[in-house]
Amino acid sequence: MKQEIPKTFDPKAWETKLYNQWEDSGSFTPKIDPKQRPYTIIMPPPNANDQLHIGHALFVTLEDIMVRYHRMKGEPTLWLPGADHAGIASQVFFEKILKKEENKTRYDLGREKFVERLREFAVNKRVAMEGQLRRLGASCDWTRNKFTLDPDVSAAVYHTFKKMYDDGLIYRGERIINWCPRCATGLSDLEVEHQEVEGRLTYIKYPLSDGSGFIIVATTRPETMLGDTAVAVNPDDKRYKKLVGQRVKLPLTDREIPIVADKAVDKEFGTGAVKITPAHDPTDFEIGERHQLPVMVVIGQDYKMTDAAGDYAGLKINAARDKVLADLREQGLIEKQVEYRHSVGHCVRCKTMVEPLVSKQWFVKIAPLAAPAIAAVKTGQIKFIPDRFEKTYLNWMENIRDWNISRQLWWGHRIPVWFCKNQTGLISNIQSSMSSGERENFVVSQNRPAKCPFCKKCEMVQEEDTLDTWFSSGLWPFTTLGWPNNTPDFKYFYPTTVMETGWDIIFFWVARMIMLGIYCTGEVPFELVYMNGLVRDKEGNKISKSKGNVIDPIAMVDKYGADALRMGLVAGTAAGNDTTMSEDKVRAYRNFANKIWNAARFIQQRVSGLAGQPQRGPSGQASQKLTGMSLNDRDKIVLADFNKITQDIVRMMDKYQLGQAGELLYDYFWHTFCDKLIEEYKTQLTGERAEAATAVLGHILKNSLRLLHPFVPFVTEAVWQTLYEKEGLLLTQELPA
RNA sequence: GGGCGAUUAGCUCAGUUGGUUAGAGCGUUCGGUUCACAUCCGAAAGGUCACUGGUUCGAGUCCAGUAUCGCCCACCA
């Protein structure tokens, strides 16, 4: 009596059941075996503020394929899941919700309440996300699940901050930084994106102090002239050579400022003379440093002119600009104005125009960290797939600048620094030169020091700022394994094997992990960086909510099954290349899942004894069975072909050509095995050829399921359990040799 | 101003170290109703592999240059 098997594969009937079975069996949790080399992937932790999108589905699928493949090779395999608190992203996201639903700001709630609410929010998002990862079939080890704000991870973050401070790698400095007025925080250079905007270049006459004439400067931001502390020209510019060292009267003020020569000035631009406002322009800040110019702040963090702006104090930037222009015009000091397109920095999160400001921030001195991180890639200790990204990485690393790690946010790791209340020095006089060597009374410590070492009596107050999210992310490959404690996990699984992530975060994340990994542990954090591309829509557009072309991966799973989505995401794609996604594609691979199901269904119905003759264990036994059989020449060719395909697949998988392996499997299974071989052999399933024909088809089916399993885990497992019930879970089976 | 990538069938894209008639999905046309699967099968149309030159017995694949498009980095006020 044959059991009735449905005509189509029904993912809904199988997926949840199979996933629970896998998870409950403990198959995702590796056993530490010192005799064997582990295979480890730390999952890039998704932001705990939203649902999974199609890009997550891509990386989850790629990593799951790698992990399932290596698990089937018999390696102790760890795929460690987690979530990121995503400082600025989550805070901005949650503030929007707060505004919309309760019409409140973070200040209305206060820091403590705000963080508590956001934590609650993040927990809920995490739980939902973990459910979605399961829907995709992610075979990660949930017993080791981590969150960046977990107490042990946080402790490791504070530990690292202190270690770096003690090693002189962290300093607090008054620097010009990118300030986002909307988020009210400083940003790193990477969090700023430049966009072209229409502007106007204003040529202003600055009278020479000796009354001999004018020097004309061009600027897009006339209002900042109130904070000018010099005019600069190129040292090789003949026009201005004799003016260097002279002074000019700064219009609208009673100040006189010098003319200096600096190579950063472009002779060709404007008049070749440039006003220098160290407090409000990064280039000017650097020129100012070279010439020891004072830094004069005329724009505050509230986007208004400061008291130092004299008559203009309190005006918003645009109003100040209008008034400055009007006043200059009245005095006849405007030479001309021309339309001018130039690029201006915007906050990568909220798209608000950033304002360069001088403020006190914490920085990581990057050069000592970058050097070994460059070497690690140059010597091949760390390899990139595809390797062209090594150039991108090196190009950036060789020009890297100090890293601003403080954020004026509430959501994140609060900087473990404590100030003496009686000599706080929190707000220093920013008009003074920053390199005055001022000393501040603070202690670096995770917990509040029992006694203030400075005044001996105050309760110390903690730094208000939090750390850049990427600081804790940079430690992720080892804080997840228990570092700085020498735990069994850390000892065994570190350094990890593969870091699989998007090329868009090479600088944000990959570079920082390499630098901090080597610094903290003395070893590279991973051997291989696999870069996945962006998922684009059918027309190749970037996917975004505003374009309305989002593809919800879970909706695709609901409609076509996880196997179909997975196969649609990876088949025929190459590392580092963007990939397109469409419902058509998913539908096509749903048909493939069904094809697998039906091939098995046919064999189960037509072939007697297959299910009752388990070819258990190492694949060698399957071949032994075949060798004992009277195979004809055609059988031998068919089996040799399959053997060749198997070797090709294994070779591709080992080289991380996952998309190609998937495509080859698809093509072989459907168009060779189903269309040709089953059709050919189905007439031989009775009579004297029955035994051999059965064995050949059975062998290929069974081993195809093994090879296919990393790509389409659900349908292969469903078939496996239907046909070979007694043999256990497919994901713990060995691959064909 | 530097760096990187793309250009292959109507559309979206693969093509591993150079090797026989260049592939897939979707779409198009024609033919198949029992015999695993119409979420299927068989067949067909459709490509000077952007252009030019070079290396080679042999180039979609390697080299140089050109064109178009795209991306990243950078302090041009």
Side-chain angles (χ1 to χ4, degrees), chain A residues 5-9 176 189-190 193-194 199 201-203 217-222 224-225 231-232 262 264-277 280-287 340 342-343 345 356 386 388-392 394-396 398-401 503-504 506-507 533-534 536-540 542 560-561 564 567-568 571-574 576-607 648 651-652 655-657 659-664 666-667 670-671 674-675 678-679 682-683:
Chain A
I5 299 177
K7 284 176 88 166
T8 54
F9 173 63
I176 191 153
D189 293 342
L190 283 175
E193 60 185 16
H194 290 263
L201 199 54
T202 304
Y203 289 71
V217 298
T219 180
T220 53
R221 302 205 48 194
T224 63
M225 67 165 286
V231 169
D262 194 283
V265 179
D266 181 354
K267 285 189 286 187
E268 308 303 320
F269 188 89
T271 60
V274 60
K275 60 192 268 316
I276 301 300
T277 322
H280 300 292
D281 182 276
T283 309
D284 292 4
F285 185 85
E286 287 180 13
I287 293 175
Y340 180 63
H342 64 303
S343 81
R388 67 182 133 90
F389 285 107
E390 289 175 11
K391 284 186 218 160
T392 309
L394 290 172
N395 191 39
W396 189 71
E398 280 160 4
N399 298 295
I400 195 169
R401 307 167 73 132
W503 49 257
D504 51 332
I506 289 182
F507 307 139
L534 252 43
R536 297 173 177 275
D537 72 6
K538 207 175 177 177
E539 277 77 44
K542 252 186 174 168
Y560 300 107
M567 206 61 186
T573 67
N577 287 4
D578 291 350
T579 177
T580 57
M581 195 59 208
S582 65
E583 193 163 338
D584 282 348
K585 217 166 162 181
V586 181
R587 194 184 302 118
Y589 287 109
R590 183 269 317 266
N591 296 353
F592 178 55
N594 197 56
K595 191 74 184 174
I596 297 170
W597 178 255
N598 270 293
R601 174 166 169 261
F602 169 74
I603 287 174
Q604 209 258 1
Q605 286 173 347
R606 288 290 302 278
V607 171
D648 287 347
R651 186 171 43 79
M652 287 174 180
K655 289 168 75 175
Y656 289 89
Q657 296 169 337
Q660 279 178 74
E663 203 168 37
L664 179 59
Y666 171 94
D667 190 59
W670 194 320
H671 300 298
C674 293
D675 292 352
I678 291 182
E679 293 302 318
K682 65 165 60 160
T683 60

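Reminder, nothing fancy here: chain letters follow the sequence lines and each chain counts from 1. All values reported here derive from a predicted model rather than from experimental measurement.
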Which atom names give the shortest non-hydrogen contact between A:Ala273 and A:Val231, and what distance separates them? CB-CG1, 4.3 Å
Given the P atoms of B:G32 and B:U20, what is the spacing between them in whole Å? 37 Å
When the P atoms of B:G2 and B:U61 are compared, how many Å lie between them, rounded to an integer? 28 Å
Looking at every strand, decide which applies to A:Arg590 at a 4.0 Å heavy-atom threshold: base, sugar-phosphate, or nothing. base
Correct closest heavy-atom pair for A:Gly568 and A:Met581 would be O-SD, 4.1 Å
Could you list the protein-to-nucleotides 26-29 of chain B atom pairs, N/O on both sides, closer than 3.5 Å?
residue, atom, partner, partner atom, Å
B:C26, O2', A:Asp584, OD2, 3.3

d(CG, A:Leu664; P, B:A24) in whole Å: 13 Å
Is there a side-chain contact between A:Asp648 and A:Leu664 in this structure, where contact means two heavy atoms from C-beta onward sitting under 4.5 Å apart? yes
With rounding to the closest Å, how many angstrom separate the C1' atoms on B:C49 and B:G42? 29 Å
Restricting to nitrogen or oxygen on both sides, can you table the protein-nucleotides 70-76 of chain B pairs closer than 3.5 Å?
residue, atom, partner, partner atom, Å
B:C75, OP1, A:Arg401, NH1, 3.0
B:C75, O4', A:Thr283, OG1, 3.2
B:C75, O2', A:Thr283, OG1, 2.4
B:C76, O2, A:Asp266, OD2, 2.5
B:C76, N3, A:Asp266, OD2, 3.1

Go through the steps to decide whether A:Lys585 and A:Thr579 satisfy the test side-chain contact (heavy atoms from CB on, under 4.5 Å), and finish with yes or no. CA-CA 12 Å; A:Lys585 217 166 162 181; A:Thr579 177; 4.0 Å; yes
When you compare B:A64 with B:G27, how far apart are their P atoms, in angstrom units rounded to a whole number? 42 Å
For nucleotides B:C11 and B:G47, find the distance between their P atoms and express it as a whole number of Å. 12 Å
Is it true that A:Tyr589 and A:Tyr666 have ring centroids separated by less than 6.0 Å? yes
A:Arg221 side chain reached by A:Pro356 side chain, heavy atoms, under 4.5 Å: yes
Looking across every strand, which nucleic acid part, if any, lies under 4.0 Å from A:Tyr666 by heavy atom: base, sugar-phosphate, or nothing? sugar-phosphate
Rounded to whole Å, the CG-P distance (A:Leu534 to B:U12) equals 17 Å
Tightest non-hydrogen contact, residues A:Thr283 and A:Asp281, listed as N-OD1, 2.9 Å
Using the rule given for side-chain contact (heavy atoms from CB on, under 4.5 Å), can you reason through A:Met225 versus A:Thr219, listing the C-alpha separation, both sets of side-chain angles and the distance that settles it, and then say yes or no? CA-CA 9 Å; A:Met225 67 165 286; A:Thr219 180; over 6 Å; no
C1' gap between B:A9 and B:G23, integer Å: 10 Å
Roughly how many Å apart are B:A24 and B:A67, using the P atom of each and rounding to a whole number? 36 Å
Sub-3.5 Å donor-acceptor pair from the side chain of A:Asp578 to the main-chain atoms of A:Gly533, do we have one? no
Return yes if some donor-acceptor pair links the side-chain N/O of A:Asn598 with the main-chain N/O of A:Asn594 below 3.5 Å, else return no. yes
is_close_aromatic(A:Phe269, A:Tyr340), centroid dist under 6.0 Å: yes
Do any N or O atoms of the protein come closer than 3.5 Å to N or O atoms of nucleotides 62-65 of chain B, and which pairs are they?
none

Check A:Thr277 against A:Asp284 and note the closest heavy-atom contact, atom names and distance. N-OD2, 2.7 Å
In whole angstroms, how far is the P atom of B:A77 from the CD1 atom of A:Ile276? 13 Å
In dot-bracket form, how is RNA chain B paired, counting a Watson-Crick or G-U wobble pair only if both its distances are under 3.5 Å and using | for bases paired to another strand? (((((((..((((.....[...)))).(((((.......))))).....(((((..]....))))))))))))....
Nearest-angstrom distance from the residue atom CD of A:Glu583 to C1' of B:C11: 17 Å
Between A:Asp584 and A:Val586, is the side-chain contact (heavy atoms from CB on, under 4.5 Å) condition met? List the steps. CA-CA 5 Å; A:Asp584 282 348; A:Val586 181; over 6 Å; no
Rounded to the nearest 0.5 Å, what's the gap from CD1 on A:Ile506 to CZ on A:Phe389? Could you check? 5.5 Å
I need the CD1-P distance between A:Ile506 and B:C4, as an integer number of Å. 14 Å
Give me the distances for all protein-to-nucleotides 35-38 of chain B N/O pairs that come in under 3.5 Å?
residue, atom, partner, partner atom, Å
B:A36, OP1, A:Lys682, NZ, 3.2
B:A36, OP2, A:Arg606, NH1, 3.3
B:A36, O2', A:Asn598, OD1, 3.0
B:A36, O2', A:Arg601, NH1, 2.3
B:A36, N6, A:Cys674, O, 3.4
B:A36, N6, A:Glu679, OE2, 3.3
B:A36, N3, A:Asn598, O, 2.9
B:C37, O4', A:Asn598, OD1, 3.0
B:C37, O2', A:Asn594, ND2, 3.4
B:C37, O2, A:Lys595, NZ, 2.9
B:C37, N3, A:Lys595, NZ, 2.7

B:C41 versus B:C35 - spacing of their C1' atoms, nearest Å: 13 Å
Ignoring hydrogens and angles, tell me if any N or O in the side chain of A:Trp597 forms a donor-acceptor pair with the backbone of A:Phe592 under 3.5 Å. no
Nearest heavy atoms of A:Thr271 and A:Ala218, plus distance in Å: OG1-N, 4.4 Å
Below 4.0 angstrom, N of the basic side chain to O of the carboxylate: do A:Glu398 and A:Lys391 qualify? no
Closest non-hydrogen contact found for A:Gly270 with A:Tyr203 is CA-OH, 3.7 Å
Show me the protein contacts with nucleotides 15-17 of chain B, counting only N or O atoms at under 3.5 Å.
residue, atom, partner, partner atom, Å
B:U16, O2', A:Lys655, NZ, 2.7
B:U16, O2', A:Gln657, NE2, 3.3
B:U16, O2, A:Arg651, NH1, 3.1

Before giving the answer on side-chain contact (heavy atoms from CB on, under 4.5 Å), spell out for A:Tyr560 and A:Glu583 the whole-Å C-alpha distance, their side-chain angles and the decisive distance to 0.1 Å. CA-CA 9 Å; A:Tyr560 300 107; A:Glu583 193 163 338; 2.7 Å; yes
